[in-house]
Amino acid sequence: MSQEIRNIAIIAHVDHGKTTLVDEIIKQAHLFRDNEGMQECMLDSNDLERERGITILSKNISVNYKGIKINVIDTPGHSDFGGQVERVLNLADGVLLLVDAAEGPMPQTRFVLDKALELNLKPLVIINKIDKPDARPDVIHDKVFDLFVELDADDDQLDFPMLYCSGKDGWADTTLDGPRDSIMPLMDAVIEHIPAPELRKGPVQMQVTSLDYNDYVGRIGVGRVYRGTLNISTPLMRVFRDGTTKSTKIKQLFTFEGLGRVEVDEVPCGDLCAIVGIPDIDIGDSITDFDHPEALPPISIDQPTLSMMFTVNDSPFFGQDGKYVTSRHLRERLLKETERDVALHVDDSSGDSFRVSGRGVLHLSILIETMRREGFEMSVAQPQVILKEKHGKKEEPIEILHVDVPDEHAGKAIELAGTRKGEMVDMEQHGLRKMIRFQIPTRGLIGLRSKMLTATAGEAIVTHRFLHYEPFKGPIQQRNNGVLISQGKGASVAFAIDALQQRGIFFVDPGEECYEGMVLGEHCIDKDLVVNIQKAKQLTNMRASGTDRAMKIAPAQVKSLEEALEYIASDELVEITPNNIRLRKKMLSETDRKRASRQKSGD
């Protein structure tokens, strides 16, 4: 008789404690020996995840508890990586919905819960971070119930079981005054409330929901067996997303055990598995019985809302840092990424430029940062919102913006959102802070986070998620100030920076190599200014005491990749190389820029 199985996905808003909770499950299920070290956020395994403290890729582990195999799937919390969540929810029969005991349901909580209820998954609500001093579990319980009602949950889903938990302290309980000594009440609740997968007999059906890659075996398809038993020795048929079929054979078959994979000969209905041996396997492909090739319904993914133009780096410093610099390299890498990330679209119809569409600036910047570390060089243009036509009228994406600010900064936050066409829909007092909700065009969100943090002394917590399309709201001013542009090529000189400090804020330090057309800083007024940053002090034989003054140069304002992408205007690019992120004008020559400006005003 095959082992009993439970498949659960952990879903929540960003930073509500999903990966920390999985750490405790790993620890208390003794997946490591007592003398073996275990790092924090064990499943956040790649460098970018550990640096940023966020989950980017969904991962799964398996725990054996009371003779039952529990497959636990950790998912990302950022709305930009919603495509990952939508895919992996197809693997689960139930979800653990984590909600912060102080913050309550946030925009991404709503998004992931909506997707889970659509798929008719059984929810188990966990109010996490009970140890917080401002925790308010009873209020949050009511808010979660209201959220379920808003999302049209049926009676069975509304009768959700609830646990109180502190992932950091490693306990969960059904009551607030329980013993607080173990995470095992959570495991008991999973076994009691989450249904076992339905055992469907008949010809085998398995669908690939995510991909892994190994240099030795190539692509690995990860998915779930929905019907029958998948056996390595039986002939199989692969059904592509477009309905075409091709006979296939699996070379290796793995199931998940602990943190790793174990090779097996067959996988029963309802279990998760990884298959090796199909070189071009893709997300959404169905692996079926040879004689009965029945495809499973395609995995539906929300469409991208933002696009950027990726081009070959054509600056004077082209090829100095990077290993992959040609359009062929760029094209191959971007198309390879679309195979792994179905929420990403690449249009390569315009020669050396590629329009890459995704869920948001973070989604695309993670891709850029990954490529940069792999040795790619490229130039990226200003993010553009994807507009739609409906009944002959332009429509643009509208998002729900959630801003959590201290009381004294609430006015500035409301004013900033208002200048970006944001409409306030709700304001709620929570201790000494206010939670304000706006409906705002996606265009208005570009560059808003950094301005909001500046206006609120770094105190604002800004989150957002896509809501729907609405008629175009009109022009939105993105940047008030012009920029300082380099006149020539060479290293920046401290003497020149010191003389120009009154003109604006610099993005470069003394000694940094610059070229003509490179953006050096932000001008104090709304016009661009071309400056000679290479101008050195004229030395003479004359000396006089007191004529030399000590130079006091303010440190350069170094922009992160996301800040640079959100900062640039439509006539500028971000030059990205493995060692540098530079801002530049599309037309490097001042003469070319003036000529283009005259032609534009003449038209």
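Please read all numbers here as calculations on a predicted model, not as lab measurements.
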May I ask you to test the Leu561-Ile368 pair for a side-chain heavy-atom distance under 4.5 Å?
-> yes
For this session: Evaluate side-chain contact (heavy atoms from CB on, under 4.5 Å) for Thr245 paired with Phe240, printing each intermediate quantity in order.
Result: CA-CA 6 Å; Thr245 58; Phe240 294 84; 6.0 Å; no
**Asked** Would Tyr164 and Asn128 count as a side-chain hydrogen bond (donor to acceptor under 3.5 Å, both in side chains) if you check the C-alpha gap in whole Å, the side-chain angles of each, and the deciding distance to 0.1 Å?
**Response** CA-CA 6 Å; Tyr164 303 98; Asn128 194 23; over 6 Å; no
Set out, in order, the CA-CA distance, both residues' side-chain angles and the distance that settles salt bridge (Lys or Arg N to Asp or Glu O under 4.0 Å) for Glu103 and Lys129, then state yes or no. CA-CA 10 Å; Glu103 292 179 3; Lys129 305 192 181 184; over 6 Å; no
- Passes salt bridge (Lys or Arg N to Asp or Glu O under 4.0 Å), Arg6 versus Glu192? Steps please. CA-CA 10 Å; Arg6 297 288 187 276; Glu192 184 185 344; over 6 Å; no
Nearest heavy-atom approach of Gln205 to Thr288 is CG-CG2, 4.3 Å
Next on the checklist: A side-chain contact here means heavy atoms from C-beta on lying under 4.5 Å apart; do Val144 and Asp142 qualify?
Outcome noted: no
(request) Answer whether the closest heavy-atom distance between the side chains of Leu89 and Val112 falls below 4.5 Å. (result) no
(request) Look at Glu337 together with Arg333 and state whether they make a salt bridge at an N to O cut-off of under 4.0 Å. (result) yes
Side chains of Asn90 and Arg224, heavy atoms from C-beta outward: is any pair under 4.5 Å? no
Under 6.0 Å from the CG atom of Asp291, do we count more than 12 heavy atoms belonging to anything else shown?
-> yes
From the list Leu230, Val225, Asn71, side chain to side chain contact (heavy atoms under 4.5 Å, CB included) partner of Asp271 resolves to Asn71
Please report the C-alpha distance between Arg261 and Glu263 in whole Å, then the side-chain angles of each, then the deciding distance to 0.1 Å, and finally whether the salt bridge (Lys or Arg N to Asp or Glu O under 4.0 Å) criterion is met. CA-CA 7 Å; Arg261 296 176 185 151; Glu263 192 170 349; over 6 Å; no
Q. Are Glu294 and Arg227 within salt-bridge range, i.e. N to O under 4.0 Å?
A. yes
d(Gln207 CD, Tyr226 OH) to nearest 0.5 Å is 5.5 Å
Q) Within a strict 4.5 Å, meaning less than it, do heavy atoms of the Ile386 and Ser357 side chains meet? A) yes
Would you mind checking if Arg372 and Glu374 are paired as a salt bridge, meaning a charged N to carboxylate O distance below 4.0 Å? no
Rounded to the nearest 0.5 angstrom, the CG-CD distance for Asp152 and Glu118 is 10.5 Å
In terms of heavy-atom contacts, Ile11 and Ala116 come closest through CD1-CB, 4.1 Å
Note: Pro161 and Pro123 closest approach over all heavy atoms is CD-O, 3.6 Å
Value for CG (Asp100) from CD1 (Ile127), rounded to nearest 0.5 Å, stands at 10.0 Å
For this session: Could you go through the side-chain contact (heavy atoms from CB on, under 4.5 Å) check for Arg180 and Asp169 one step at a time?
Result: CA-CA 9 Å; Arg180 301 190 175 191; Asp169 296 338; over 6 Å; no
*asked:* Taking the basic N atoms (NZ, or NE/NH1/NH2) and the acidic carboxylate oxygens, is any pair closer than 4.0 Å for Arg238 and Asp280?
replied: yes
Next on the checklist: Tell me whether Phe254 at atom CZ has more than 12 heavy atoms from other residues, nucleotides or ligands lying less than 6.0 Å away.
Outcome noted: yes
### Query
For Lys132, does the NZ atom have more than 12 heavy-atom neighbours from other residues, nucleotides or ligands under 6.0 Å away?
yes
> Does any non-hydrogen side-chain atom of Asp265 lie less than 4.5 Å from one of Leu253?
Replying inline: no
So CD1 of Ile68 and CD1 of Ile191: to nearest 0.5 Å the spacing works out to 4.0 Å
- Query: Any side-chain heavy-atom pair from Val95 and Leu124 closer than 4.5 angstrom?
  - Reply: no
Heavy-atom closest pair (Ala102 atom, Ile140 atom, distance to 0.1 Å) is O-CD1, 4.1 Å
- [ ] Return yes if a side-chain donor-acceptor contact under 3.5 Å exists between Ser233 and Asn231, otherwise no.
- [x] yes
Output for pair (Phe256 CZ, Lys69 NZ), nearest 0.5 Å, gives 8.5 Å
- Message: Does Thr442 form a side-chain hydrogen bond (donor to acceptor under 3.5 Å, both in side chains) with Glu399? I'd like the steps, not just the answer.
- Response: CA-CA 6 Å; Thr442 303; Glu399 307 214 7; 3.1 Å; yes
In short, Ile183 meets Cys165 closest at the heavy-atom pair CD1-SG, 4.4 Å
Inset, instruction - Begin with the C-alpha distance, continue with both residues' side-chain angles, and end with the deciding distance and a verdict on salt bridge (Lys or Arg N to Asp or Glu O under 4.0 Å) for Glu459 and Arg433. - result: CA-CA 10 Å; Glu459 290 271 9; Arg433 297 176 74 90; 3.4 Å; yes
Tightest non-hydrogen contact, residues Leu344 and Gly358, listed as CD1-CA, 4.5 Å
**Request:** Establish, from distance only, whether the side-chain atoms of Glu257 and Ser62 form a donor-acceptor pair under 3.5 Å.
**Result:** no
**OP:** Take Leu236 and Phe290 through the test side-chain contact (heavy atoms from CB on, under 4.5 Å) and record every step on the way to the result.
**Re:** CA-CA 4 Å; Leu236 298 165; Phe290 186 82; 5.8 Å; no
Please work out which of the three classes, parallel, tilted or perpendicular, describes the rings of His141 and Phe160, given edges at 30° and 60°. perpendicular
Could you please spell out the steps behind the side-chain contact (heavy atoms from CB on, under 4.5 Å) verdict for Leu117 and Gln157? CA-CA 8 Å; Leu117 296 179; Gln157 289 167 333; 3.5 Å; yes
Handout entry: Arg359 side chain reached by Leu364 side chain, heavy atoms, under 4.5 Å
Key = no
